[in-house]
Amino acid sequence: MNNLAAKLAQLKLALLSHQLDTLLADAASKNLSLAATLEWLADLELEHRRQFAIQRRFRFSRLQTQPTIEQFHFQHHKSRMQVKNRLLHLLDLDFIAQGTNVILIGNPGTGKTFLAKILGWRACQANYRVLFTTAMDMLNHLLASQADHSLVRKLKLYTDPPFLIVDELGYLSLDQQTSNLFYQVISTRHSQRRSSLITTNTAFSDWGNILYNTTIATAIADRLVENSEIFLLAGDSLRKAKKSQSLAGSVQAPPCDDNPESRRSPAG
């Protein structure tokens, strides 16, 4: 059996090579035929590979958490209930296949990041490459790459994934250089019909205040809005509500929907 396990390992059948004895014993206990046993083992190996690929995509995504739509509190504010069906429809991920953008607008703590990560994790499970980043982390990374002349290569990190999530646009104003870099990312993804999700606390009409000028703000907004789903998440901060309930000694509030781990830019 050791020789067989070694050969299975050579064939890169990781699950079968590591658990061969146990799996064959299980097959024997179920009185499976040879053909049924082979099919069952193949199914197990394929599922193992699928789960391994999902976890590899998750590590690349930098999502850090794996939230689900069941954890999203639609009852927090009427604005969520008004767009509930549209939000649920996003879970089928047709918007990624079609290169549609998603824009989540709302004050800090209203669930934008949490919802973005729900969609990101869903996409990882559906065989899409995903990258999550804050706007400032991405732009600082690209800015630093200009010093060692690696900008073209580093841009691909943000332009290649089928689904890019850019969190916290608008928490800090951008200068001309970082605004131009942001334009390069969005313009390239727009031309390649790749889906981007942007979370922001700033309405489109005020983007001229966070980007270098209204010209570049308009150019970026036009490319994002041309083919996009736009959602407004209104209401008070869930973090504030949770803290108030805790101080009041009431029943513990559900976890905050906005869950930005390891943030480097101010949360507003």
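The analysis underlying the following values was restricted to heavy atoms, covering all of them including side chains, and did not include hydrogens, waters or symmetry mates.
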Go through the side-chain N and O atoms of [X] and [Y] and say whether any donor and acceptor fall under 3.5 Å apart.
X    : Y    : result
E47  : Q51  : yes
D167 : T113 : yes
T110 : N107 : no

Any side-chain heavy atom of [X] sitting closer than 4.5 Å to one from [Y]?
X    : Y    : result
Q192 : T188 : yes
W40  : L23  : yes
L181 : M138 : no
S196 : N101 : yes
Y128 : R57  : no
I69  : L88  : yes
L115 : L104 : yes
Q146 : Q177 : yes

Value rounded to 0.5 Å, distance of [atom1] in [X] from [atom2] in [Y]:
X    : Y    : atom1 : atom2 : result
L87  : F72  : CG    : CZ    : 6.0 Å
L232 : Q82  : CG    : CD    : 9.0 Å
T200 : L169 : OG1   : CG    : 4.5 Å
H190 : T159 : NE2   : OG1   : 14.5 Å
L142 : S150 : CG    : OG    : 9.0 Å
I165 : L131 : CD1   : CG    : 8.5 Å

Could you see if [X] belongs to whatever hydrophobic cluster contains [Y]? Use Ile, Leu, Val, Met, Phe, Trp, Tyr and a side-chain cutoff under 4.5 Å.
X   : Y   : answer
M81 : V83 : yes
L46 : L32 : no
L4  : L38 : no
L41 : F52 : no

For the side chain of [X] and the backbone of [Y], is there at least one donor-acceptor N/O pair under 3.5 Å apart?
X    : Y    : value
K84  : F74  : no
R62  : T133 : no
S195 : I96  : no
H73  : Q75  : no
T22  : Q19  : no
E45  : A14  : yes
S228 : I230 : no
T199 : E168 : yes
S33  : A36  : yes

Checklist line | Chi angles and distances behind the side chain to side chain donor-acceptor pair (under 3.5 Å) call for D26, S29 | finding: CA-CA 5 Å; D26 287 347; S29 69; 4.7 Å; no
How close do [X] and [Y] get, heavy atom to heavy atom, and via which atoms?
X    : Y    : result
R49  : L11  : NH2-O, 3.9 Å
S173 : N209 : OG-O, 3.5 Å
K117 : T65  : CD-OG1, 3.6 Å
S187 : R223 : OG-NE, 3.7 Å
S179 : L174 : OG-CB, 3.4 Å
A217 : L211 : CA-CD1, 3.5 Å

Next item on the list: Check the angle between the aromatic planes of F204 and W207 and answer parallel, tilted or perpendicular using the 30° and 60° thresholds.
Entry: tilted
Note to self: side-chain contact (heavy atoms from CB on, under 4.5 Å) for I105 and T202? Distances and angles first, verdict last.
What the structure shows: CA-CA 7 Å; I105 304 173; T202 307; over 6 Å; no
Next item on the list: Would you please indicate if the ring centroids of F182 and Y212 are separated by under 6.0 Å?
Entry: no
Next item on the list: Determine whether the aromatic ring centres of F60 and F58 lie less than 6.0 Å apart.
Entry: no
Check: Passes side-chain contact (heavy atoms from CB on, under 4.5 Å), H18 versus H48? Steps please.
Finding: CA-CA 12 Å; H18 286 103; H48 175 74; over 6 Å; no
Checklist line | R194 with D160: basic N within carboxylate O range, under 4.0 Å | finding: yes
Checklist line | K30 atom NZ, neighbour heavy-atom count above 12 within 6.0 Å | finding: yes
Next item on the list: Dump the intermediate steps for side-chain contact (heavy atoms from CB on, under 4.5 Å) on W121 and I54, then the final yes or no.
Entry: CA-CA 9 Å; W121 169 230; I54 288 172; 3.6 Å; yes
Item checked: Pi-cation contact, Y158 with R189 (under 6.0 Å, within 45°) -> no
Item checked: Full working for side-chain contact (heavy atoms from CB on, under 4.5 Å) between I118 and R122 -> CA-CA 6 Å; I118 289 172; R122 185 86 166 200; 5.5 Å; no
